[in-house]
Amino acid sequence: MVDAIDPLGLRSWVGVPSPMARAHLHADVELNFALAGRAEYLLGGVRTVVPPMRLAALWAAIPHQLVAAPGVRRMYWLTVPLERVLAWRLPAGFTAALFAGRLVIAGDAALGRSDALCLPRWAAEWDAGPARRAQAVGEIAQRLSRLALDWQDANPDAGGRGDDGHAAILVRVARVVAERYREPVGVAAIAHAVGVHPKYLSTAFRRQCGMGVHEYLTRMRLGHAQHLLRTTQRAVTAIAFDSGFGSLNAFYSAFRSQLGTTPSALRSADADVGAFADG
């Protein structure tokens with residue numbers, strides 16, 4: 001499968017998975033589903049196996065890597081922007097698990113049969129016009145809500161760090177960051193755009209997402225840079241500034257701290273392995 005996916009946005013697609021040479025990240029919540037075989041992931045350094053016919057969700061702003069996919073010949077992916085996930089007001093325990101780096105796997109195997117019917121339809125109808133896409137979005141929201149409720153029912157003591165009182169503010173923060181991460185914008189400017197004090201914003205965002213606004217902004221920029229490294233031959237310097245980094249030092253430092261590699265090494269490793277299917 002050719003990696004021609006916008007690294008940010010609500011998307012649905014299908015392909016044949018290939019193991020990834022390096023972990024990557026992007027800002028979305030990602031859902032994966034394999035009809036047969038098993039998908040083995042490293043998420044934040046923790047290895048987890050996703051059985052067939054089980055929907056799995058992760059927050060892709062945490063470095064993740066598909067390390068093996070034995071027996072998987074067809075796999076479906078969904079990416080949902082963070083602001084949409086927050087706007088859907090899912091159970092706090094579920095969102096806290098995602099933000100803490102958990103790979104949430106559906107426990108009800110019977111729902112896998114329904115997913116096996118819905119996911120191909122979403123992928124096929126994605127570019128069939130606004131009405132079809134709107135229908136798919138509504139169904140995706142319902143499916144994610146059911147996954148969240150089922151997970152929380154199975155983990156009643158999980159609790160959550162979410163605070164519904166500032167959920168609307170976090171939705172606006174995620175939207176502002178998605179729109180402006182390629183600009184020289186910082187926490188103070190984001191807080192001003194949202195209409196809150198920077199200190200309050202930092203506290204609320206960290207409480208909900210488990211990381212600071214600056215780190216989230218950096219991960220958005222890294223996701224954009226990774227996409228350009230994989231899909232273009234542009235110079236690393238041009239990619240760094242196009243992704244919103246103010247200097248090459250900041251760009252290389254973020255790559256090393258978040259991904260444990262360099263931009264050139266990532267590009268070379270991707271070229272050796274070939275096209276990646278994981279979103």
Participant: Do the side chain of Thr203 and the main chain of Lys199 share a donor and acceptor less than 3.5 angstrom apart?
Facilitator: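 Yes, Thr203 side chain to Lys199 backbone: donor-acceptor pair under 3.5 Å.
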
Participant: In terms of hydrophobic clusters joined by side-chain contacts under 4.5 Å, are Val137 and Leu147 together?
Facilitator: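 Yes, Val137 connects to Leu147 through the hydrophobic network.
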
Participant: Show the nearest heavy-atom pair for residues Leu217 and Val185, with the distance to one decimal.
Facilitator: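 Answer, listing the atom of Leu217 first, then Val185: CD2-O, 3.3 Å.
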
Participant: Do the rings of Trp59 and Phe99 sit parallel, tilted or perpendicular, given the 30° and 60° boundaries?
Facilitator: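 Geometry flag for Phe99 against Trp59: perpendicular rings.
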
Participant: What about the rings of Phe255 and Phe251, do their centers lie closer together than 6.0 Å?
Facilitator: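 Yes, the ring centres sit under 6.0 Å apart.
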
Participant: Hey, does Leu119 have a side-chain heavy atom less than 4.5 Å from the side chain of Val14?
Facilitator: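 No. Closest side-chain heavy atoms not under 4.5 Å.
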
Participant: Quick one, Ile239 with Thr232, criterion side chain to side chain contact (heavy atoms under 4.5 Å, CB included). Give me CA distance, side-chain angles, the key distance, then yes/no.
Facilitator: CA-CA 10 Å; Ile239 288 174; Thr232 76; 4.2 Å; yes

Participant: Verify, without hydrogens or angle tests, whether Arg182 (side chain) and Asp242 (backbone) share a donor-acceptor contact under 3.5 angstrom.
Facilitator: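 Answer holds: yes.
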
Participant: Other residues, nucleotides and ligands only: do more than 12 of their heavy atoms fall within 6.0 Å of CZ on Arg234?
Facilitator: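 Yes - once you tally the heavy atoms of other residues, nucleotides and ligands closer than 6.0 Å, there are more than 12.
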
Participant: Between Arg54 (side chain) and Ala106 (backbone), is there a donor-acceptor pair under 3.5 Å?
Facilitator: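 Checked: pair present.
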
Participant: Does Glu30 reach the main-chain N or O of Thr79 with its side chain, forming a donor-acceptor pair under 3.5 Å?
Facilitator: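 Not a single qualifying donor-acceptor pair exists.
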
Participant: When you compare the side chain of Val16 with that of Met75, does any pair of heavy atoms fall below 4.5 Å?
Facilitator: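 When only atoms from C-beta onward are counted, Val16 and Met75 do not touch, as no gap falls below 4.5 Å.
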
Participant: Please lay out, stage by stage, how Leu82 and Asp28 fare under the test side chain to side chain contact (heavy atoms under 4.5 Å, CB included).
Facilitator: CA-CA 5 Å; Leu82 178 62; Asp28 319 288; over 6 Å; no

Participant: To the nearest 0.5 angstrom, please state how far the CG atom of Leu228 sits from the CD atom of Gln233.
Facilitator: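 The distance works out to 11.5 Å.
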
Participant: If hydrophobic clusters are built by linking Ile, Leu, Val, Met, Phe, Trp and Tyr wherever their side-chain heavy atoms come under 4.5 Å apart, do Tyr200 and Val187 end up in the same one?
Facilitator: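 As far as the 4.5 Å side-chain criterion goes, Val187 and Tyr200 are connected within one cluster.
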
Participant: Determine the sole option in Leu111, Val104, Leu55 for which the side chain to side chain contact (heavy atoms under 4.5 Å, CB included) test with Asp150 is passed.
Facilitator: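 For Asp150, the side chain to side chain contact (heavy atoms under 4.5 Å, CB included) test succeeds with only one of Leu111, Val104, Leu55, which is Leu111.
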
Participant: Quick check: is Leu43 connected to Val49 through a chain of hydrophobic side chains (ILVMFWY, heavy atoms under 4.5 Å apart)?
Facilitator: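 No, because Val49 and Leu43 fall into different hydrophobic clusters, even though each may have its own neighbours under 4.5 Å.
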
Participant: Would a line drawn from the ring center of His224 to the ring center of Tyr181 be shorter than 6.0 Å?
Facilitator: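 Yes: the rings meet the under 6.0 Å criterion.
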
Participant: Should Arg143 and Glu139 count as an ion pair when the cut-off is N to O under 4.0 Å?
Facilitator: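 Salt bridge absent between Arg143 and Glu139.
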
Participant: Look at the side-chain heavy atoms of Ile, Leu, Val, Met, Phe, Trp and Tyr, link any pair under 4.5 Å apart, and say whether Leu42 and Leu266 land in one connected group.
Facilitator: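 No, Leu42 and Leu266 fall in different hydrophobic clusters.
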
Participant: Can Arg47 and Glu40 be counted as an ion pair, charged N to O under 4.0 angstrom?
Facilitator: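 Salt bridge between Arg47 and Glu40, a charged N being under 4.0 Å from a carboxylate O: yes.
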
Participant: Tell me whether Leu248 shares a hydrophobic cluster with Leu259, the cluster being built from Ile, Leu, Val, Met, Phe, Trp, Tyr side chains joined at under 4.5 Å.
Facilitator: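 Linked, Leu248 and Leu259 end up in one cluster.
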
Participant: Determine whether a donor-acceptor pair (N or O, by modelled atom type, separation under 3.5 Å) exists between the side chain of Arg221 and the backbone of Ala254.
Facilitator: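 The answer is no, because no donor-acceptor pair under 3.5 Å joins these two groups.
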
Participant: Can you check side chain to side chain contact (heavy atoms under 4.5 Å, CB included) on Val80 and Ile140, steps first, answer last?
Facilitator: CA-CA 9 Å; Val80 185; Ile140 291 168; 4.3 Å; yes

Participant: In this structure, are over 12 heavy atoms from other groups packed under 6.0 Å from Arg219 atom CZ?
Facilitator: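 More than 12 heavy atoms, drawn from other residues, nucleotides or ligands, come within 6.0 Å of this atom.
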
Participant: One pair to check against side chain to side chain donor-acceptor pair (under 3.5 Å): Tyr41 and Asn32. What are the steps and the verdict?
Facilitator: CA-CA 11 Å; Tyr41 281 92; Asn32 301 327; 2.6 Å; yes

Participant: Kindly say whether Leu229 contributes a backbone atom to a donor-acceptor pair with the side chain of Arg267 at under 3.5 angstrom?
Facilitator: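 Confirmed, Arg267 side chain pairs with Leu229 backbone.
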
